[in-house]
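Remarks on the structure that follows.
In this text the structure is predicted, and so the values were computed from the model without any measurement.
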2 protein chains.
Amino acid sequence: MADKRADKVTITEVAKLAGVSTATAGRVLGGYGYTSEENKEKVRRSAEALGYRPNLLARSLITGKTKTIGVVAGDIQSPFYASILRGIADVARAQGFGVLLTNSDELLDREIEAVQLLLEKQIDGLIVAPCDTSGSQHLHAAAASGCPIVQIDRRVNGLSADSVTLDNCGAASDSITQLLAAGHRRIGMVAELERWEFGDMETFIDRVIEGSIDPASLFPSWQRLFGYIEAHRAAGLLIDRNLIGRVGTYSVKAARTATMELLSRPNRPTALFTADGLMSAVAMDAITSLDLQIPTDLSLICFDDLDWMSFLKPGITAIAQPLTEMGEASARLILARIGGEGGEEQHQVLKHTLALRGSVMAPQAGRA
Amino acid sequence: MADKRADKVTITEVAKLAGVSTATAGRVLGGYGYTSEENKEKVRRSAEALGYRPNLLARSLITGKTKTIGVVAGDIQSPFYASILRGIADVARAQGFGVLLTNSDELLDREIEAVQLLLEKQIDGLIVAPCDTSGSQHLHAAAASGCPIVQIDRRVNGLSADSVTLDNCGAASDSITQLLAAGHRRIGMVAELERWEFGDMETFIDRVIEGSIDPASLFPSWQRLFGYIEAHRAAGLLIDRNLIGRVGTYSVKAARTATMELLSRPNRPTALFTADGLMSAVAMDAITSLDLQIPTDLSLICFDDLDWMSFLKPGITAIAQPLTEMGEASARLILARIGGEGGEEQHQVLKHTLALRGSVMAPQAGRA
DNA sequence: TTCTATTGTGAGAACGTTCGCACAATCGGA
DNA sequence: TCCGATTGTGCGAACGTTCTCACAATAGAA
């Protein structure tokens, strides 16, 4: 009980027992170079006998490869990141890679700190959901120092790194079009819409309509608003700014306030579009507490298909993101780069699927 | 573009630029030993100028500590593991530790493979939800080789390692008692109940009643059944074996079959107890499709408090596990062991909370 | 003065691998 | 016979740190 680690069996001891040099033992165990069948057997047997376990640190130090990819997620606890992570981990495992996980809580400082730690641990590649799409010096620096990066869910402006995102505009626009087709003209939307660096929301709406914004540079919730606006424009309808609940922060409380405000006003919307899972859960809660019936009092389409949406009384029509696929795609991209694959920056934009259920119907008489 | 890594700035170069030995530079940057203020300044400035970033691999190789803890979860995608992982990651981060993640899908082979990889990567400690509670040679070996282990959710028999679990018996027994108190006498239960090595379910029930089973050695779903039986026994009631839906495997399909079978039989139970999140979701789905009303047609208590349970029409009464706390506790335990803390094996058994909502009422006339 | 403690420095050996190199032995073909 | 290719081996130098020494300089105490 005196010594803490009985772990100490190195390749040297294996070599000694097998009666060969460490180089030969290394060749057998590492699977590189030539070795005679005879020695192969001897070394393997000795390794077995001693319970030899290679020290990947030492190997990595010399090869410069750790076979580890770092992941900076927002919050693993959310189904969104959990599913993505699952996809990443599966692909990584299949290639013998480990996954070093951190979460940023969408806080820049924490992201910087996390990236720092991961780089010091010499990860071979980084998958990150960046929380600041404009600055992010740390990511530029990491990329410049040669660490492959794959961005997920959103993209940093001007960062030369691959990305995997969802066609948020298309998904939102699809849903809104669906509601418009059902006859709705007053469609509410609740979304985070935290920061937009170029001005207030009026400006944003105007600029989308005049076509001077590239959605690729936006945060998801803004992209979804973009889709909302686009769908209206395509239908030749004006936007009523009051129907857009801008929560401003990713919190249950703020979301609840915004949603309740939107749904309890005298001339409330006939349909609601929630821009992410948090908003959907809050909205559902608000709808229940206001005693509104879906879809008679209110039609509803939610971004993110959560498990409960399928077994509510009328099921909730929802936009399903291919989350594990996004994770898998990002892992494949990063592994390809690690494997030395060159070529153009890759920007994969995945498509949603719309799970049609029972939460949409035409607006009821006297309320349309 | 020719060289892949511009990363190459080592402590030697920093030392050279500062005009000191690598030993001195190491002392400044590593924060050990003595250095003059003057040299401290010079070294720091040089490090800054060169953009020096320590290589933790090299440090770990020599110190024997990686400041990394390995985690083997069942499936990160499930809210159960996701929340636990969140707790682990938070505590780890606060201490400057990284988290290396793998999932086993509750498959022994995969768990063995994962543990192997983690050990080769020289993790300082291992947090694992073991999928085999009886054999698990790999865990015994790991423990023997000096790697601290914390078991989570369940315990391997005879493995000397700390653990963090939930009082599953107590939680189940509480819920069943609640239902019995409401007047229910035919309480159904659906649970995984995959393997029990000592015989069939009759035997299990008998042995629980005669008191010859130590619940600590059981898998959670069996512990929950244990609680179910205990509560009945305490109330002086016999167990109707037909009310126990043994799914046998952790799959939606099997769960659905078992649940539908249980709920559609002529003399169906007046109350239902679901033993985990999967069973709850499936049960909810089955209840909806059978067009049963909660709580008039059926009372319901679920193990695991999922977000949707609070905003269904009548809320679902549920057992909430303190998941992030379990993660935090396990991380604290492992860090303490890594820090060299000796002493007795620790087995923390956390308590559930029962979230009372509207899914329980007295059985209705003609059905009791 | 002389001793001991404190503070500081650098050379060089770890840590456990992989890798370059030199060197052999064997084989087949010209 | 000689040659080159193929297969196999061991020595020792990496990799980028930390850590053990040996050794100084200074200061205060005896």
Inset, instruction - Check the distance between D:dC19's P and B:Leu29's CG and give it to me in whole angstrom. - result: 14 Å
Inset, instruction - Quick one: closest heavy-atom pair of B:Ile334 and B:Pro148, and the distance? - result: CD1-O, 3.4 Å
Expected rows: protein N/O vs nucleotides 13-15 of chain C N/O, under 3.5 Å:
none

Legend entry - Whole-Å gap separating C1' (D:dA14) and CG (B:Leu57): 15 Å
Legend entry - B:Gln151 versus B:His347, side-chain donor and acceptor atoms under 3.5 Å: no
Identify all side-chain donor-acceptor contacts of residues 325-332 of chain A below 3.5 Å with residues at least two apart in sequence or on another chain.
{"unit_1": "A:Ser330", "atom_1": "OG", "unit_2": "A:Met326", "atom_2": "O", "d": "3.2"}
{"unit_1": "A:Ser330", "atom_1": "OG", "unit_2": "A:Gly327", "atom_2": "O", "d": "2.8"}

Legend entry - Length of the line joining B:Arg53:CZ and D:dT17:C1', which is rounded to integer Å: 16 Å
Inset, instruction - Please report the C-alpha distance between B:Glu48 and B:Arg44 in whole Å, then the side-chain angles of each, then the deciding distance to 0.1 Å, and finally whether the salt bridge (charged side-chain N to carboxylate O under 4.0 Å, His left out) criterion is met. - result: CA-CA 6 Å; B:Glu48 177 85 11; B:Arg44 286 215 191 93; over 6 Å; no
Inset, instruction - Round to the nearest Å and state the distance from B:Lys42 atom NZ to C:dG8 atom P. - result: 14 Å
Sub-3.5 Å pairs of nitrogen or oxygen atoms, protein against nucleotides 22-28 of chain C:
none

Inset, instruction - Answer yes or no: is there a side-chain heavy-atom contact under 4.5 Å between A:Glu113 and A:Arg110? - result: yes
Legend entry - Phosphate OP1/OP2 of C:dT18: any A:Tyr32 side-chain N/O under 4.0 Å: yes
For nucleotides 3-5 of chain D, print each protein N/O atom paired with a nucleotide N/O atom at under 3.5 Å, atom names and distance only.
none

Legend entry - Heavy-atom pair with the smallest gap, counting every atom of A:Lys121 and B:Thr66: NZ-O, 2.7 Å
Legend entry - Steps toward side chain to side chain contact (heavy atoms under 4.5 Å, CB included) verdict (A:Ile84, A:Thr324): CA-CA 5 Å; A:Ile84 289 179; A:Thr324 46; over 6 Å; no
Legend entry - Residue A:Tyr52, side-chain atoms from C-beta onward, closest of D:dG12, C:dT17, C:dT9: C:dT17
Legend entry - Distance-only donor-acceptor test (3.5 Å): side chain A:Arg27, base D:dG10: yes
Between side-chain atoms of residues 89-101 of chain B and protein atoms elsewhere (two or more places apart, or another chain), which donor-acceptor pairs fall under 3.5 Å?
{"unit_1": "B:Asp90", "atom_1": "OD1", "unit_2": "B:Arg86", "atom_2": "NE", "d": "3.2"}
{"unit_1": "B:Asp90", "atom_1": "OD1", "unit_2": "B:Arg86", "atom_2": "NH2", "d": "3.2"}
{"unit_1": "B:Asp90", "atom_1": "OD2", "unit_2": "B:Arg86", "atom_2": "NE", "d": "3.3"}

Legend entry - 5'-most by nearest nucleotide on DNA chain C - A:Arg59 or B:Asn39: B:Asn39
Legend entry - B:Ser36 (side chain) donor-acceptor with B:Asn39 (main chain) under 3.5 angstrom: yes
Legend entry - Selection from C:dT7, D:dG10, C:dT17 that lies nearest to any side-chain heavy atom of B:Tyr34: C:dT7
Legend entry - Between D:dT9 (P) and A:Glu37 (CD): distance, integer Å: 10 Å
Legend entry - Donor on one side chain, acceptor on other, B:Thr165 and B:Ser163, under 3.5 Å: no
Inset, instruction - Whole angstrom is fine here: how far is it from NZ in A:Lys16 over to P in C:dG16? - result: 12 Å
Inset, instruction - Whole angstrom is fine here: how far is it from NZ in A:Lys65 over to P in C:dC19? - result: 12 Å
Legend entry - Qualifying side chain to side chain donor-acceptor pair (under 3.5 Å) pairs, either residue in residues 15-25 of chain B, two or more places apart: B:Ser21-B:Thr24
Inset, instruction - Tell me yes or no: between the side chains of A:His138 and A:Gln116, is some donor less than 3.5 Å from an acceptor? - result: no
Inset, instruction - Would you tell me if any nitrogen or oxygen in the side chain of A:Thr24 comes within less than 4.0 Å of OP1 or OP2 on D:dG10? - result: yes
Inset, instruction - Would you tell me if any nitrogen or oxygen in the side chain of A:Ser36 comes within less than 4.0 Å of OP1 or OP2 on D:dT9? - result: yes
Legend entry - Distance, rounded to the nearest Å, where A:Gln122 contributes CD and D:dG16 contributes C1': 9 Å
